[in-house]
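Okay, so here's the structure we're looking at.
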Number of protein chains: 2
Amino acid sequence: MRLSTRAQYAVRAMVDLTLNSNGSPVSLREIASRENISLNYLEQLFHRLKKGAVVLSVRGPGGGYLLARDSASIRLGEIVTLVEEPLAPVACMDEGKKGCTRGDVCVTHMVWQGLGERIRGFLDSITLADLVREARGEEKR
Amino acid sequence: MRLSTRAQYAVRAMVDLTLNSNGSPVSLREIASRENISLNYLEQLFHRLKKGAVVLSVRGPGGGYLLARDSASIRLGEIVTLVEEPLAPVACMDEGKKGCTRGDVCVTHMVWQGLGERIRGFLDSITLADLVREARGEEKR
DNA sequence: TAATAGTTGACAATAATAGTAAGGTATGCT
DNA sequence: AGCATACCTTACTATTATTGTCAACTATTA
């Protein structure tokens with residue numbers, strides 16, 4: 001039941017981006033060195049984040065990434081889902097998989113579904129702004 | 001964020017075991033064929049379940065496994081934890097890992113911790129008896 | 001035009017998962 | 001006694017996903 005490092009990196013990078021952006025783009029190079037994440041790997045992650053419309057890119061010197069929306073409207077569930085394809089804990093919700101005819105299979109199926117909803121619900125209850133606020137609070141100490 | 005098949009198998013097998021036990025042991029062979037799980041694999045899982053004291057074993061002909069306790073006192077969290085070593089979504093709670101000195105790392109850390117608690121909490125809120133009751137209800141239709 | 005920085009696709013190393021195989025041990029039945 | 005059952009245990013293999021790395025390309029600015 002491990003979360004991929006992709007998800008962890010993505011969230012950390014988004015916090016870093018928000019924290020260090022003064023309206024101007026932040027380059028992945030900065031984020032990579034601050035957060036100690038491979039630059040190439042980060043690029044892949046931000047590609048997905050851009051496709052998911054949580055960030056915008058600016059090319060060329062002085063370029064980098066910007067939040068596409070207000071940090072208060074970006075939920076962790078979004079970020080995590082974008083970089084980690086299946087958030088659902090189990091593969092069998094795909095089609096009318098045979099095997100799901102057995103009674104007890106369906107019973108456990110409902111459990112995994114409920115679990116997925118809890119996970120998603122929890123992550124969606126936290127916004128990027130929440131994390132950034134906390135991070136700023138911690139810095140002051 | 002996928003749950004291992006181990007966890008899924010273990011829960012299904014435990015439901016099957018409870019459903020098909022009339023006080024006498026149920027052999028893994030039966031469970032394996034009913035649930036369509038490899039016998040050898042099931043044996044490994046039940047080894048862990050036995051070590052975790054949720055089942056008892058009876059050797060020899062007519063032997064098999066029995067619940068070690070009432071099904072109402074066996075929580076899914078227990079079963080899942082026993083067969084899937086780390087339930088925590090993230091590896092970094094181990095030691096005083098360097099890197100956790102950065103402010104935002106700790107912020108996200110709290111998120112993963114909270115997530116782990118939700119997962120565990122949800123799974124612990126469901127007992128084997130709950131699932132069995134539902135499975136019996138579904139059969140009647 | 002040179003440097004920056006995002007864009008993209010292919011590839012490789014590593015680790016975890018999932019499953020197989022095989023032999024051993026305890027027990028009950030005939 | 002001895003055979004069959006079924007648990008017990010360890011070792012091994014294959015597959016897959018993750019986690020990266022590499023390299024070439026495109027857009028933009030100074």
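The shown structure was predicted, so the numbers you read here are calculated from the model rather than taken from an experiment. So you know, we letter chains A, B, ... as the sequences are listed, proteins then strands, and number each from 1.
As judged by a 4.0 angstrom heavy-atom cut-off over every strand, B/Val26 is placed among residues touching the sugar-phosphate backbone only. B/Tyr65 comes within 4.0 angstrom of sugar-phosphate atoms only, judged by non-hydrogen atoms across all strands, and of no base. Heavy atoms of B/Arg29 sit under 4.0 angstrom from primed sugar atoms or phosphate atoms, though from no base atom.
Between B/Lys50 and the phosphate of D/dC8, there is a side-chain N or O to OP1/OP2 separation shorter than 4.0 Å. Note on A/Ser57: every side-chain N or O is 4.0 Å or more away from OP1 and OP2 of C/dA5. Between A/Ser4 and the phosphate of D/dA17, there is no side-chain N or O to OP1/OP2 separation shorter than 4.0 Å. Using a 4.0 Å cut-off, some side-chain N or O of B/Tyr9 falls inside it from OP1 or OP2 of C/dG19. Proximity of A/Ser38 to the phosphate of D/dT21: a side-chain N or O atom is located under 4.0 Å from OP1 or OP2.
Under the 3.5 Å distance criterion, the side-chain polar atoms of A/Ser73 are matched with a main-chain donor or acceptor of A/Asp70.
Atom pair B/Asn40:CG and C/dG23:C1' shows a separation of 11 Å (rounding to whole Å applied). Per the geometry, CG belonging to B/Leu45 stands 13 Å off P belonging to D/dC7, to the nearest Å. Rounded to a whole Å, the CZ atom of B/Arg6 is 15 Å from the C1' atom of D/dT15. The distance from atom NE2 of A/His47 to atom C1' of C/dG6 is 10 Å, rounded to the nearest whole Å. Rounded to a whole Å, the CD atom of B/Glu30 is 14 Å from the C1' atom of D/dC7. Across the protein-nucleic acid pair, B/Glu43 atom CD and C/dG24 atom C1' stand 12 Å apart, rounded to whole Å. Rounded to whole Å, the distance from CD on B/Gln44 to P on C/dA18 is 11 Å. Put simply, CG on A/Leu56 is 10 Å from P on C/dT7, counting in whole angstrom units.
In this model, a donor atom of one side chain and an acceptor atom of the other lie less than 3.5 Å apart for B/Thr81 and B/Arg120. Side-chain N/O atoms of B/Asp130 and B/Thr127 include a donor and acceptor closer than 3.5 Å.
Picking from D/dT19, D/dA6, C/dG19 the nucleotide with the shortest atom distance to the side chain of B/Thr5 gives C/dG19.
Position along DNA chain C of the nearest nucleotide to A/Phe46 versus B/Ala7 favours A/Phe46 as the more 5'-ward residue.
Under the 4.5 Å side-chain criterion, counting only non-hydrogen atoms from C-beta, A/Asn36 is not in contact with A/Tyr9.
Residue-to-nucleotide contacts include a donor-acceptor pair under 3.5 Å from the side chain of A/Arg59 to the base of D/dT26.
Base pairing of D/dA30: its partner is C/dT1, meeting the Watson-Crick or G-U wobble criterion (both donor-acceptor distances under 3.5 Å).
Between A/Arg29 and A/Glu43 there is no salt bridge, since no side-chain nitrogen of the basic residue lies less than 4.0 Å from a carboxylate oxygen of the acidic one.
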